[in-house]
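Nothing here was measured: the structure is a model prediction, and the numbers come from that model. Each ligand, and each atom within it, is numbered from 1 in the order the structure gives.
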Amino acid sequence: MPIGSRRGWEMPEAVATPEAVFRDRRALLRAMGMGGLIAATGAGALGLAGCDAGPVSYEDDPSAALYPVTRNTRFALDRAVTDEMQVTTYNNFYEFGSHKSIYRAAQALKLRPWALRIDGLVETPRTVGIDELLKAMTLEERLYRHRCVEAWSMAVPWTGFPLRALVDHARPLGSAKYVVMRTFMDPETAKGQKQGWYPWPYTEALTMAEATNELAFIATGLYGKPILKQNGAPLRLVVPWKYGFKSVKSIVHLTFAETRPKTFWEEIQPREYGFWANVNPAVPHPRWSQATERVLGGDGRVKTQLFNGYADHVADLYRGMEGERLYA
Ligand SMILES: Nc1nc2c(c(=O)[nH]1)N[C@H]1C(S)=C(S)[C@@H](COP(=O)(O)O)O[C@H]1N2
Ligand SMILES: [Mo]
């Protein structure tokens, strides 16, 4: 296991990104026969190139007719919504690679058939198809901030439903203490999963209190359309008061447990990534500061806020837990 070696998203983003982005964009342009443009036009052309080569058609998505839906205006932002192209071409999705330009590799993901297995401490374990689930849920749009542990951030219009609605639908037993969520496992489609030193499948978990907090959200859409593969289609957790790695993508398994599972990054590097992962500007990552963040597509850095600005919603969840490692 390459602990101690530097992998993409473990680097402070200020160090990791410019080189990685330049390399990926150059490869992209070369693939498009536009390599010569690089020197002449620089970043301007790169954005366009990413645009043409990137996101997708919605034609084969049977849920497309469900979007757009009404925005829930209770979740307001203090900043502009991030450009759609940024959000859909600058991603972390290790199943498809450890660089930011996984959006093309992620197109290999097959979204149908797709089923969610619900089991563990529930009245009746069962498997529900994605389209059946979408019909059972009431969709709404919410604008949320997103803060990656690498100190970049964005502001995203998600469509989906409260995780609480899915928990209710699952009918957990009183003994359940954690909701555990897992990503699909398919190394033929997601080549990153052939790297056996990662503890696949990607696993994340929340306490029942966190999972039923009104902010915890399951995204099924993005920018008024079905969510794209690179962003975690067709079901993706969004917990905006926590670092981005908690927001597990492309979920196939929801299980209720009495004991806390080891989560993906915690298992890889427990010194640096914990279970709680609440955003806190005052608690640095062991290798970089969390005091500020770079807003994707913005100019310069802004101050990071406690619980990513959602303290009013979630601070009560952690009262009396001062002994826990809440902010890593
Ligand atoms: N299955 C899975 N989920 C994942 C990841 C991943 O690599 N695999 N990366 C996480 C990290 S570190 C972040 S910041 C967000 C990125 O989401 P985005 O690509 O939609 O911005 O997804 C999170 N969920
Ligand atoms: Mo992240």
Listed by chain and number, what are the side-chain contact (heavy atoms from CB on, under 4.5 Å) partners of Glu123, not counting sequence neighbours? Arg171, Leu173
Listed partners of Lys177 passing salt bridge (charged side-chain N to carboxylate O under 4.0 Å, His left out), at least two apart: Glu258
So if I count the atoms of ligand 1 from 1 in the order they appear, which ones are less than 4.0 Å from some heavy atom of [X]?
{"X": "Asn231", "result": "18 (P), 20 (O)"}
{"X": "Phe245", "result": "10 (C), 11 (C), 12 (S)"}
{"X": "Thr183", "result": "1 (N)"}
{"X": "Cys148", "result": "14 (S)"}
{"X": "Met154", "result": "21 (O)"}

If the test is ring pair (Phe, Tyr, Trp, His ring centres under 6.0 Å), which one of Tyr90, Trp288, Tyr243 qualifies with Trp152? Tyr90
Among the heavy atoms of Ser247, does any lie under 4.0 Å from an atom of ligand 1?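 Yes, that is the case, since the closest heavy atom of the residue is under 4.0 Å from the ligand.
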Quick one: does ligand 1 sit under 4.0 Å from the side chain of [X], the backbone, both or neither, non-hydrogen atoms only?
{"X": "Asn91", "result": "both"}
{"X": "Arg236", "result": "side chain"}
{"X": "Phe93", "result": "both"}

Heavy-atom proximity to atom 10 (C) of ligand 1, best of Tyr94, Tyr202, Phe264, Tyr273: Tyr202
Among His146, Lys246, Arg182, which residue places a heavy atom closest to atom 14 (S) of ligand 1? His146
Using the six-membered ring wherever Trp is involved, compare the ring planes of His285 and Tyr273 and label them parallel, tilted or perpendicular (cut-offs 30° and 60°).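 If you compare the ring of His285 with that of Tyr273, the planes turn out tilted.
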Nearest atoms (heavy-atom pairs only) where Ala64 meets Pro226: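 Scanning both residues completely, I find the closest heavy atoms to be CA-CG, 3.7 Å.
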Minimum heavy-atom distance Pro240-Arg145, with the two atoms named: CB-O, 3.4 Å
Please determine if Lys249 has a nitrogen or oxygen closer than 3.5 Å to a nitrogen or oxygen of ligand 1.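 Yes, at least one N or O pair falls under 3.5 Å.
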What I want to check is whether the side chains of His253 and Asp119 have a donor and an acceptor closer together than 3.5 Å.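 Yes, a side-chain donor-acceptor pair sits under 3.5 Å.
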Would you check if there is a donor-acceptor pair between the side chains of Gln290 and Arg147 at a distance under 3.5 Å? yes
